[in-house]
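To start, the structure under review is shown below, and the notes come after it.
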Number of protein chains: 2
Amino acid sequence: MQQMFNTPLYLQIREQIFDALRSGRWATNDPLPSETKLASEFDVSQGTIRKAIDDLVAQNILYRHQGRGTFIRRHDEQQSLFRFFNLARADGTKPVPESMNLHCKTRKGLKHECAALQRPTGERLIEILRLRRLDGQPVILETILVSQQLFPDLNKRDLPNTLYELYGDEYNVYITRAEEQIKSILPDATMQHHLEIGKTTPLIEIQRIAYDLHNQPVEIRISQCVTGDFVYACSLN
Amino acid sequence: MQQMFNTPLYLQIREQIFDALRSGRWATNDPLPSETKLASEFDVSQGTIRKAIDDLVAQNILYRHQGRGTFIRRHDEQQSLFRFFNLARADGTKPVPESMNLHCKTRKGLKHECAALQRPTGERLIEILRLRRLDGQPVILETILVSQQLFPDLNKRDLPNTLYELYGDEYNVYITRAEEQIKSILPDATMQHHLEIGKTTPLIEIQRIAYDLHNQPVEIRISQCVTGDFVYACSLN
DNA sequence: CAGTGGTCTAGACCACGTA
DNA sequence: ACGTGGTCTAGACCACTGC
């Protein structure tokens with residue numbers, strides 16, 4: 001096959017592989033077909049397949065393991081606990097977060113919430129409130145909002161510490177990236193109570209929107225965090 | 001040339017190119033020698049040079065421009081204003097920051113400051129205090145600390161809005177990455193005065209350590225920011 | 001041992017920028 | 001028209017994994 005149209009071949013292949021991934025064509029735990037097999041299937045050279053996969057690896061959608069194969073990146077317990085978790089001790093090490101669910105209910109979504117999730121206005125959302133402890137201290141109060149349509153019966157399940165793993169395993173929704181916005185706030189009565197702080201202890205509030213493979217917003221997560229022993233850590237390049 | 005020893009050729013080449021960059025072998029504004037020239041110089045194929053440069057581009061040390069050549073990434077006015085600037089409006093757009101210098105002096109570094117900069121304890125540091133305005137409002141109070149040894153007479157200069165450009169142009173110190181830690185604080189009297197806020201307005205405090213090409217810490221920067229109309233924005237992958 | 005990804009080559013042609 | 005980076009190929013060999 002030759003490069004036709006104006007978009008490079010490897011980008012076309014990348015999109016085709018990406019579509020195949022989303023359609024569930026390959027089992028989540030098995031390796032993808034080898035580069036040479038994909039090359040003959042798509043009728044391009046192995047180097048072109050390689051470049052396409054390079055991109056998907058860079059996007060953290062696939063990963064390679066020499067000698068074993070190429071695999072779909074999953075949110076499993078270990079990574080999921082840390083990959084999207086930016087709170088660290090002052091020395092840069094990361095604590096293991098525990099979580100306790102405070103409530104889980106359904107309610108009508110507010111206008112701006114539905115808009116952020118790109119769902120019809122007024123759709124029912126599932127709201128989860130939980131408290132997270134780091135090194136035993138209550139540090140984070142977290143409100144999670146998802147569409148009930150996309151996650152039927154999520155509210156009737158046992159909710160694990162790592163929700164993104166559950167989203168993937170049970171609902172075929174794979175979180176690949178997220179955007180966070182941080183501001184500073186003072187605690188209301190609920191926060192004071194659960195986080196065991198006074199009304200003059202300032203908090204950071206992190207608003208996250210998490211996106212799936214299709215780049216669709218899937219979850220809103222608002223975390224109020226006490227930043228005494230812990231800080232929000234971020235790298236710039 | 002063949003792959004010898006156990007490290008891949010392209011990594012060896014990458015390090016050699018990197019060394020050449022640091023030694024100032026190529027002018028900062030001219031393109032590097034073309035891939036084919038580098039290939040014959042290092043006696044490897046063009047594809048291997050390409051892979052080496054790919055890495056340096058991914059690290060944001062070089063950039064390519066098709067048809068023109070490969071260049072050293074500089075902190076120039078435009079990018080520098082935004083590249084390491086994570087405050088955004090709630091809708092995600094970025095304001096143009098202005099800055100006003102409040103003072104610039106030298107003083108003996110505290111123990112933890114010298115340690116963070118990997119300089120001898122008690123060395124003299126240059127301290128710059130400035131106020132930044134976004135959309136006309138005073139939003140950020142910023143304290144900058146660098147070694148006087150590394151930046152002689154910096155305190156006697158006119159300080160531009162984009163310091164990293166000055167570091168590169170005048171001191172051959174190129175900032176390539178930074179680490180930030182964020183926590184929430186209440187303002188002291190100085191902050192209240194300059195940021196025009198009351199004592200109950202919570203702020204976020206960003207502590208940044210910026211690193212140069214050698215991966216040496218070069219600058220400490222502590223910013224206190226009002227997060228009313230602006231938020232700290234960050235992407236997770 | 002066979003099969004996977006990882007490296008490396010040599011050479012072709014394309015797309016862009018400059019003069 | 002020419003030189004640059006960008007894409008693509010076909011084929012070689014290496015390094016790791018699992019049987």
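Below, read A as the first sequence line, B as the second, and so on, with proteins coming before strands; counting in each chain starts at 1.
- Protein atom CD1 of I49(A) is 14 Å distant from nucleotide atom C1' of dT7(D), rounded to whole Å.
- Nearer the 5' end of DNA chain D, as judged by each residue's closest nucleotide, is the contact made by D54(B), out of T48(A) and D54(B).
- Taking 4.0 angstrom as the limit, K51(B) places none of its side-chain polar atoms (N or O) nearer than this to OP1 or OP2 of dC8(C).
- Proximity of residues 30-37 of chain B to DNA chain D (heavy atom under 4.0 angstrom from any strand atom) is restricted to S34(B), E35(B), K37(B).
- Side chain of P8(B), nearest nucleotide from dC8(D), dC8(C), dT7(D): dC8(C).
- Taking 4.0 angstrom as the limit, R64(A) places none of its side-chain polar atoms (N or O) nearer than this to OP1 or OP2 of dT4(C).
- Note that the CG atom of N237(A) and the CZ atom of F84(B) stand 7.0 Å from one another [nearest 0.5 Å].
- Among residues two or more places apart in sequence or in another chain, the side chain to side chain donor-acceptor pair (under 3.5 Å) test is passed with Y164(A) by R208(A), E219(A).
- Computed from coordinates, the L9(B) CG to dA10(C) C1' distance equals 15 Å when rounded to whole Å.
- One interatomic measurement links the two molecules: CG of L38(B) to C1' of dT4(D), which rounds to 12 Å at whole-angstrom precision.
- Along DNA chain D, the nucleotide nearest H65(A) and the nucleotide nearest Y10(A) are compared for position; the residue whose nucleotide lies closer to the 5' end is Y10(A).
- For the pair D43(B) CG and dT9(C) C1', the computed distance is 12 Å after rounding to whole Å.
- Atom P of nucleotide dG5(C) and atom CG of L62(A) are separated by 11 Å, given to the nearest angstrom.
- Here dT9(C) presents its P atom at 13 Å from CZ of F42(B), a figure rounded to the nearest Å.
- The interatomic distance linking Y63(B) (OH) with dG17(C) (C1') rounds to 14 Å, in whole Å.
- Distances shorter than 4.0 Å separate some side-chain N or O of T70(B) from OP1 or OP2 on dG5(D).
- E180(B) places no side-chain N or O within donor-acceptor distance of the main-chain N or O of L236(A), the cut-off being under 3.5 Å.
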Taking distance alone, no hydrogens or angles, what donor-acceptor pairs closer than 3.5 Å link side-chain atoms of residues 151-160 of chain B to residues at least two apart or in another chain?
{"residue": "D153(B)", "atom": "OD1", "partner": "K156(B)", "partner atom": "NZ", "Å": "3.1"}
{"residue": "R157(B)", "atom": "NE", "partner": "Y171(B)", "partner atom": "OH", "Å": "2.9"}

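- Side-chain atoms of P95(B) and F230(B), non-hydrogen and from C-beta on, do get closer than 4.5 Å to each other.
- Across every non-hydrogen atom of K183(B) and I204(A), the tightest pair is C-CG2, 4.0 Å.
- Note: R130(A) CZ to C104(A) SG = 10.5 Å, rounded to the nearest 0.5 Å.
- The side chain of R68(B) places no N or O atom within less than 4.0 Å of a non-bridging phosphate oxygen (OP1 or OP2) of dG3(D).
- If you take CD of Q46(A) and C1' of dG3(C), they are 13 Å apart, rounded to a whole angstrom.
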